[in-house]
Protein chains: 2
Amino acid sequence: MDISELKSICGGCSIRELCLPAGLNDQEVLLLDQHMAHRNPVRKGESLYRTGDSFKSLYAIRSGFFKTNILHEDGRSQVTGFQMSGEILGLDAISTDIHICDAVALEDSMVCEIAFERFEELGQLMSNLQHRFNKTLSREIVREQGIMLLLGSMRADERLAAFLANLAKRSAIRHQSGSELVLRMTREDIGSYLGLKLETVSRILSRFHDQNLLEVKGRNIRIIDADGLNALISK
Amino acid sequence: MDISELKSICGGCSIRELCLPAGLNDQEVLLLDQHMAHRNPVRKGESLYRTGDSFKSLYAIRSGFFKTNILHEDGRSQVTGFQMSGEILGLDAISTDIHICDAVALEDSMVCEIAFERFEELGQLMSNLQHRFNKTLSREIVREQGIMLLLGSMRADERLAAFLANLAKRSAIRHQSGSELVLRMTREDIGSYLGLKLETVSRILSRFHDQNLLEVKGRNIRIIDADGLNALISK
DNA sequence: TGCAACCATTGATCTAGAACAATTCAATTG
DNA sequence: CAATTGAATTGTTCTAGATCAATGGTTGCA
């Protein structure tokens, strides 16, 4: 099986499109794919895994959109992230071998299952794969520090501006428009992620609309004044 | 050089006392120590590294106490963690090879420098070391998710109770009393970490004192009613 | 040993965002 | 194509924690 064959099997999208294999040669990518590729569809609303499930695999998102949701014992819950294609789910479970959050598909999605034991073996064979993976884990640490900063010291409108700017940036990286956003999550999900109530999210979106920063039509958002939005964040 | 010799060099504390080498045999621990051990003192108030410094090494804390501090461009800053002996500093810099926070000693401390390039090589030689390290990185992700939950959905008194309980637990793990705490950081540091103002921290400590949960004398805190404190957290 | 500089406490007031509540809008579905 | 259901908007009121301000304690340094 060669690379082009692999691509056709995958419906034209090779495992290369994940951030993980950057820096690997073709043979190494093949090896990676052979040992780990195991693709599953996840329907909108379904959970890829749930809190308490035993951890066996990481998942690379090939297409679609997810949220991860931590459940506190007392019923409180909080969205810890939104993940889109190319990103990895399950990194937090490595620490205890048990999933500590739910991963819920917010639209019909396709994921690639990566058996973690096999992956660690491959990491031993390919030092550059292991190196990339260390960076991936560290990047997740940094991402979460950004959220901590946001939750700990930004006002509601700054949080929302930062959230939209981040979403736009990530969309732009993946072919999609960086100014036309389709929010896959509810206002409540956004609020949970940003430490705000859904009414506050709604109000601030309306305000941004009035200030001609955005055009808001339900879950369709067009960013009109990206500079104005960015000015909000670091003021 | 054998293990006992190593221990004497280290002043009686072997590299084994870090969480990282768990599961390694004596030879492997020796190898680890030979290649990486490079111990430095850091005086109270000094920075081990600063934002923008290029990343070359991780640091294992042998003794002492640190805070990590993120600086936002607009002058805002936030404490992202407090680290004590046995814990690792610098994990967030792996992602970009540049430190994105300051690590400041809050008391005279001793750290063990671990050249990260060498460490990655050793990880290739010892799969169990690499496995432990993956877990260490993942554990940091989980820790930060805990803070996100705290910042996003807990009230001020719950945050402080959670903070004190966590500090007590970590102290207890390391020989120290789990009920007699000496806070190494200022009220402002605590507030920054918990997303609160220093006045609020002070007020709530006083309230805990009045409610006979704590005895507060400046930075000396004795936990009187641990159950009462824990009840606060998950209510 | 006393002065500076910082740190902590406590009080009074103010405000951003929560809570509560009432419509409106959109998407399914029988 | 109603009718049901869940999501979003908008208004009003309330409160936890911020802000502003004054005072008291510690610690280290000259």
Side-chain angles (χ1 to χ4, degrees), chain A residues 43-45 65 67 75-79 104 106-108 150-164 181-211 214-221 232 235, chain B residues 43-46 67 76-79 104-108 150-164 181-211 214-221 232 235:
Chain A
R43 283 291 161 66
K44 178 173 174 174
F65 202 95
K67 70 171 175 183
R76 249 186 298 224
S77 87
Q78 179 155 347
V79 173
V104 182
L106 296 181
E107 61 180 3
D108 291 349
L150 178 146
L151 291 171
S153 63
M154 286 177 136
R155 281 176 306 102
D157 55 347
E158 299 174 317
R159 294 184 201 187
L160 209 51
F163 171 72
L164 292 171
L181 299 177
V182 180
L183 301 181
R184 254 71 218 211
M185 69 298 280
T186 66
R187 305 290 194 250
E188 187 168 18
D189 285 333
I190 299 174
S192 171
Y193 183 57
L194 299 179
L196 303 171
K197 292 290 138 177
L198 70 100
E199 295 95 327
T200 305
V201 172
S202 180
R203 269 182 244 276
I204 290 174
L205 285 177
S206 299
R207 199 162 80 222
F208 284 175
H209 185 114
D210 294 345
Q211 298 171 215
L214 306 175
E215 191 175 324
V216 182
K217 254 187 284 175
R219 296 195 178 183
N220 294 77
I221 291 198
L232 267 180
K235 214 311 313 328
Chain B
R43 283 291 162 66
K44 179 174 174 174
E46 282 180 357
K67 70 172 175 183
R76 248 186 298 225
S77 86
Q78 179 155 345
V79 174
V104 182
L106 295 181
E107 61 180 4
D108 290 350
L150 179 146
L151 292 172
S153 63
M154 286 177 135
R155 281 176 303 103
D157 55 348
E158 300 175 316
R159 295 185 200 186
L160 209 52
F163 171 73
L164 291 172
L181 299 177
V182 181
L183 302 180
R184 254 70 218 212
M185 70 297 282
T186 66
R187 303 291 193 250
E188 187 167 19
D189 285 334
I190 299 174
S192 171
Y193 183 56
L194 299 179
L196 303 170
K197 292 290 139 178
L198 71 100
E199 294 95 328
T200 305
V201 173
S202 180
R203 269 182 244 276
I204 290 174
L205 284 178
S206 300
R207 199 162 79 220
F208 284 174
H209 185 115
D210 295 344
Q211 299 171 212
L214 306 175
E215 192 175 324
V216 182
K217 255 187 281 175
R219 296 196 177 182
N220 294 76
I221 291 198
L232 268 180
K235 213 312 314 325

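We name chains A, B, ... by the order of the sequence lines, and we start the count at 1 in each one.
- With respect to A:D157, the side-chain contact (heavy atoms from CB on, under 4.5 Å) criterion is satisfied by exactly one of A:R203, A:R207, A:Q211: A:R207.
- OP1 or OP2 of C:dT9 has at least one side-chain nitrogen or oxygen of B:S202 nearer than 4.0 Å.
- Per the geometry, NZ belonging to A:K197 stands 21 Å off P belonging to D:dG11, to the nearest Å.
- Where A:R159 and A:E199 meet DNA chain C, the nucleotide closest to each residue was compared, and A:R159 sits on the side nearer the 5' end.
- Look at CG on B:L205: it is 10 Å from P on C:dA8, rounded to the nearest Å.
- An OP1 or OP2 oxygen of C:dT9 is reached within less than 4.0 angstrom by no side-chain nitrogen or oxygen of B:S206.
- The residue A:G191 sits apart from the nucleic acid: no heavy atom pair falls under 4.0 Å.
- For the salt bridge (charged side-chain N to carboxylate O under 4.0 Å, His left out) with A:E107, the qualifying choice from A:K44, A:K67, A:R184 is A:R184, the only one to do so.
- Put simply, CG on A:L232 and CG on A:L164 are 10.5 Å apart, with the number rounded to the nearest 0.5 Å.
- Separating the CG atom of B:L196 from the P atom of D:dT19 is a distance of 11 Å, rounded to the nearest angstrom.
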Evaluate the criterion salt bridge (Lys or Arg N to Asp or Glu O under 4.0 Å) for residue pair A:E158 and A:R155; output intermediate values, then yes/no.
CA-CA 5 Å; A:E158 299 174 317; A:R155 281 176 306 102; 3.7 Å; yes

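- The separation between B:M185 atom CE and C:dA8 atom P is 11 Å, rounded to whole Å.
- Summarising the geometry, the separation between CZ on B:R219 and C1' on D:dG25 is reported as 12 Å, rounded to the nearest angstrom.
- For a distance-only test at 3.5 Å, the side chain of A:R203 qualifies as a donor-acceptor partner of the base of D:dG11.
- Heavy atoms of B:L198 sit under 4.0 angstrom from at least one base atom.
- Residue B:T186 is classed as a sugar-phosphate contact, given heavy-atom separations below 4.0 Å to backbone atoms only.
- Here the P atom of nucleotide C:dG17 and the CZ atom of A:R155 are 7 Å apart, to the nearest Å.
- Whole-Å rounding puts the A:I190 CD1 to D:dA8 C1' distance at 11 Å.
- Interface remark: the A:R207 side chain does not form any donor-acceptor pair with the D:dT9 base, using a distance-only criterion of under 3.5 Å.
- A:I190 places a side-chain heavy atom less than 4.5 Å from the side chain of A:L160.
- Summarising the geometry, the separation between CG on A:N220 and P on D:dT9 is reported as 12 Å, rounded to the nearest angstrom.
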